[in-house]
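A, B, ... follow the sequence lines: proteins, then strands. Residue 1 opens every chain. Fair warning: this is a prediction, and the values are worked out from it, not measured in the lab.
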Amino acid sequence: MGPFRIHLQTSLPAIARFFRTHYAAFPLYEEASLADFHIRIERPRNLRRWIRPQLLFFLDDYRPFHPYPLQMAVPLFEWGLNWCIAGHAHWALLIHAAVLEKHGKACLLIGKPESGKSTLCALLMDRGWRLLSDEFAIVDPGSGALLPIPRPVSLKGASIQVVRNLAPRLSVGGFCRNPALDEEMAYVVPPPDAVRRMHEPAEAGILVFPRFQSGRELEAAAVPPSRAVYALAENSFNYNILGPEGFRLLGLLVDKCRALELSYGEGTGVLDWFDTIF
Amino acid sequence: MKTNRYDGDQTVLFHTLSGDLHILSPIAEAVLDILGKTPAAAPDIIDQVCNQLDLQRTKDLENQLLWLLQEMDESGLIERAAP
Amino acid sequence: MTVETLLAALSSPRVIRSFGEGEWDRILRVARRNNLLGRLACLAEEEGLAGGLPDRIRRHLSAAVRLADAHRRAVLWELDRIRWALRDVSGPVVLLKGAAYVAEELDVARGRLSADVDILVRRGDLPAVERALLEKGWEPVKDSAYDQNYYRKWMHELPPLRHRDRGSVVDVHHNILPLTGRIRIDSDLFFQSARRSKLDGYHVLSGEDMVLHNVVHLFQDGVVTGSLRDVVDLDALLRRWGQSAPFWKGLPARAGRLGVMRPLAYALRVVRRLMGTPVPRPVLDVVERESGAGAVVRRFMVGAMERALMSGDLCGAGPLAVLSQGFLFVRSHWLRMPPVLLVRHALSKSTRGLRKP
């Protein structure tokens, strides 16, 4: 998947199904060796195998999470893989952002989960933007370019219906209910074209900080470079691990890109706005 | 040793020792600039900052500066030498 | 066994040139599991061996080097803040273990992934030290599993103190040998041999005491309480201090004085066998003779200890990998906007449902 090779062992049909639908376009390798992450997702051998059944996620022999309910198999895999990447891929600078490319330039959507960036990501994908990632901006330390990892786009709650309404061509699956938040979750299948081009990096062109608010008028405000550097650092998984080099890469990004805070409400006006940025 | 980044009206400072990011106001920058050369006593610093930035030396400003110096001491950006 | 290959690679990094893909895959995972990936990666980088490797492998090594460097920076920052907090405390502060290795820029510090700081102070200074740290933002680790009174009375340290904002932990000791009741060691002995650290405001143990502290952490009462990483550390410490002849003369004598001859005897055997550490034969003889453990018992113990230490292989049940990066990963984060003048920032990224280390 992009720069990573995953070795997954699991006996769960739900995950196998998810792989067939959502990872169909990704190459499969014969050898399990030299995977970046050896992941196992299994049911425990104790009572929790049957009573309020649970799932365990392992990276090699390490179990980073508490057990998850069985119905959360797919999110457990996706979040677990996110954790593996965020916790180990310190050869690159990792920023919590959705990344899409058009006309040779990449747009980063940076913000908290409720900012609407995943919804925007899915809708822009439908409009022809090439998906690089809905979760990680992977900044190559040598070139400063963004490396793709076009995995399924995660949607929660109301955004699932929004995406199905506005982008009916997209394939949405992997449904489940998160009992903790009483919220539905689903995943959009990444476009085969994005997957096919997953080894094509992209130059960063613009940093967008989306802020969704119901009823809000569309407004794009410039973010001064100092605030942009700070905000990127805040949203970086491993900036503190990369230290001085992380700071240098952030500076490069901010030098290269315009930074805008985008406030928007319902309606497709925001998607039209994205057409104008490059 | 610190790595700086200058933009517009605010500098973002990467403090190498702590790995912390600081957004510096012109006043904080002036303090670092002054202390970067030689250590100085608080009243002295206040004087120089007012001169450099052309500020009126009010009681309020003095208090704020003293508080700032303490903040910067706690952040490790500067250090209070023996009293 | 992959662990053996790993140890061979740590002793002679050049062997990694001959590794195939499958071997790399296993070595990386076993190294990570035994908290030795940082060291392997640093050695590979320093000997210029990373260049010819496939991208995928180079990235893992590069990530490990960066992570180790982040830990080193974190330790130095912690030491700076502790020194700052203890400015007005007059007694000596002796750095122990990883913090000492980093402060003295010893080879053993390379690739270590630990950001906890252990310090030794005089018993009489404990109240002042505790007060100063609590005042500057540290607080006792809240853990229902331990009892503060127990800690103060029977262990040789205060309860661990965690910094409110940074999340880093400092362990304050007033003695460094287990008080098992057999021999009460006057901690003054350690202060007498301690010397000034390269780092302002601190002292460090003598080379002999550093080694013996490692040994005591590795084996207690004939049981393995340390890890493979501790054996690797011991090898590095012995190679460093063992460059001077007086060290080898002083080590057995010191061990006798501190009553730790037996653990030293086991440790020297184990580290020689696992890492090929050059321990002079006469020293080994003296230590083993003085330890009072007969040859048969010793062989048995050493065998059992090696098995315990090597259990972190891929196929074994093994110890859980120590992801001490957790400290850096979930470092506390806040954005303060004070009225006028300064904004400060420190970082965190916390993930849903993450277990506490």
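- With a threshold of 4.5 angstrom between heavy atoms, C/R73 approaches chain A through side-chain atoms but not through N, CA, C or O.
- Here the side chains of A/E245 and C/R66 are in contact, with some heavy-atom distance below 4.5 Å.
- Only the side chain of A/P141 has a heavy atom closer than 4.5 Å to any heavy atom of chain C.
- Between atom CZ of residue C/R26 and atom NE2 of residue A/H38 there is a gap of 10.0 Å, rounded to the nearest 0.5 Å.
- Listed here is the closest heavy atom pair of C/A70 and A/N240: CB-O, 4.4 Å.
- Interface residue C/I57: only side-chain heavy atoms are found under 4.5 Å from chain A.
- Within 6.0 Å of the CZ atom in A/R177, the count of heavy atoms belonging to other residues, nucleotides or ligands exceeds 12.
- The minimum heavy-atom distance linking C/R59 with A/P3 is given by the pair NH1-CB, 3.5 Å.
- Here the closest non-hydrogen pair linking C/A63 and A/A89 is CB-C, 4.5 Å.
- Taking CG of C/L67 as the start and CH2 of A/W91 as the end, the distance is 15.0 Å to the nearest 0.5 Å.
- Shown here is C/D200, whose CG atom has no more than 12 heavy atoms of other residues, nucleotides or ligands within 6.0 Å.
- Separation of atoms CG (C/D69) and CD1 (A/I241) is listed at 11.5 Å; rounding is to 0.5 Å.
- In this structure, CZ on C/R32 lies 7.0 Å from CG on A/D60, to the nearest 0.5 angstrom.
- Annotation for C/E45: atom CD does not count as buried by contact number, only 12 or fewer foreign heavy atoms lying within 6.0 Å.
- Here the NE2 atom belonging to A/H88 is positioned 9.0 Å from the CG atom belonging to C/L37, to the nearest 0.5 angstrom.
- Here A/R40 pairs with A/E42, A/D61 under the salt bridge (charged side-chain N to carboxylate O under 4.0 Å, His left out) rule; sequence neighbours left out.
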